[in-house]
Amino acid sequence: EVQLVQSGAEVKKPGESLKISCKASGYSFTNYWIGWVRQMPGKGLEWMGIIYPGGSDTRYSPSFQGQVTLSADKSISTAYLQWSSLKASDTAVYYCVRKIAAAGAAFDYWGQGTLVTVSS
Amino acid sequence: DIQLTQSPSFLSASVGDRVTITCRASQGISSYLAWYQQKPGKAPKLLIYAASTLQSGVPSRFSGSGSGTEFTLTISSLQPEDFATYYCQQLNSYPWTFGQGTKVENK
């Protein structure tokens, strides 16, 4: 069974750093792109970026380029989303997603979400 | 960036109704469109990809159609568990984008 299990909720102060994780199981981690999607409170979905764990190829949405860093450790089948300096506007639920292998296809599996709260 | 505009943004319907949601793209995206369902406090769930391919395990009352710039999601007979918010997403070109969502409420 494919599963994406994310790390728990975080409460941070502005300016702090953070790295959240997404552990994959039930499939070959290096054969599928893993992405991240943001959902701010009461708002819609925003695609942040995607990484290919098999080769570390990475794509970022321009809205998030330079604001976050995506990485993956294939030895433990885990993807990461990282901030070096959080802002209050980073408060949101973050989902990791697996992309269907076919070109142009969608996100077939989603993690349960990680709530990040940034407040002074 | 490719913009996706869903209509309507809110929809009131009853169990058994036929429901149609439209997603329009600001430029052609071939058939690289997906539909998701999200219930409060839960992660979105994939319903349809490649505009019309039903994801495994999704009930056949859900269907998708369209290509180019106009797409539709149809629920042939609304069930109680279908009250949720629905999003379209284009994966034709970076950055991938989502529509603003359509909330389907119980009339």
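Computed from heavy atoms alone, side chains included, the values below leave out hydrogens, waters and symmetry copies. Throughout, protein chains are lettered first and strands after them, A, B, ... in sequence-line order, and every chain is numbered starting at 1.
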Check: Going only through I, L, V, M, F, W and Y residues with side-chain contacts under 4.5 Å, is there a path from I100(A) to L4(A)?
Finding: no

Margin query: Does atom CD (Q3(B)) have a neighbourhood of more than 12 heavy atoms from anything else shown, all under 6.0 Å?
Written below: no

Next item on the list: Kindly work out whether a path of hydrophobic side-chain contacts (I/L/V/M/F/W/Y, heavy atoms less than 4.5 Å apart) joins V104(B) to L4(B).
Entry: yes

Next item on the list: Pull out the residues in residues 7-22 of chain B that come under 4.5 Å of chain A, heavy atom to heavy atom, sorted by number.
Entry: none

Next item on the list: Compare every heavy atom of L46(B) with every heavy atom of A106(A), then report the nearest pair and how far apart it is.
Entry: CB-CD1, 3.6 Å

Notebook entry, point to check: Shared ILVMFWY cluster between W96(B) and I2(B), side chains joined below 4.5 angstrom?
Noted result: no

Note to self: Heavy-atom pairs under 4.5 Å with chain B: which of F64(A), F107(A), Y60(A) has the most?
What the structure shows: F107(A)

Note to self: With a 4.5 angstrom heavy-atom cut-off, is it the side chain or the backbone of Y95(A) that approaches chain B, or both, or neither?
What the structure shows: side chain

Next item on the list: Enumerate by number any residue of residues 108-120 of chain A whose heavy atoms lie under 4.5 Å from heavy atoms of chain B; in the absence of such residues, state 'none'.
Entry: D108(A), W110(A), G111(A)

Check: Quick one: which residues of residues 35-48 of chain A reach chain B at under 4.5 angstrom, heavy atoms only?
Finding: V37(A), Q39(A), K43(A), G44(A), L45(A), E46(A), W47(A)

Check: Same cluster or not: are L91(B) and Y52(A) linked, directly or through other Ile, Leu, Val, Met, Phe, Trp or Tyr residues, by side-chain heavy atoms under 4.5 angstrom apart?
Finding: yes

Check: Going by heavy atoms in the side chains, are P62(A) and P95(B) under 4.5 Å from each other?
Finding: yes

Notebook entry, point to check: Quick one: do I75(B) and I48(B) end up in the same hydrophobic cluster if we chain Ile, Leu, Val, Met, Phe, Trp and Tyr together by side-chain heavy atoms under 4.5 Å apart?
Noted result: yes

Next item on the list: Heavy atoms only, distances under 4.5 angstrom: which of Q89(B), Q55(B), Q100(B) has the most pairs with chain A? Name it, please.
Entry: Q89(B)

Note to self: I need the contact set between residues 27-40 of chain B and chain A: heavy-atom distance under 4.5 Å, sorted by residue number.
What the structure shows: Y32(B), A34(B), Y36(B), Q38(B)

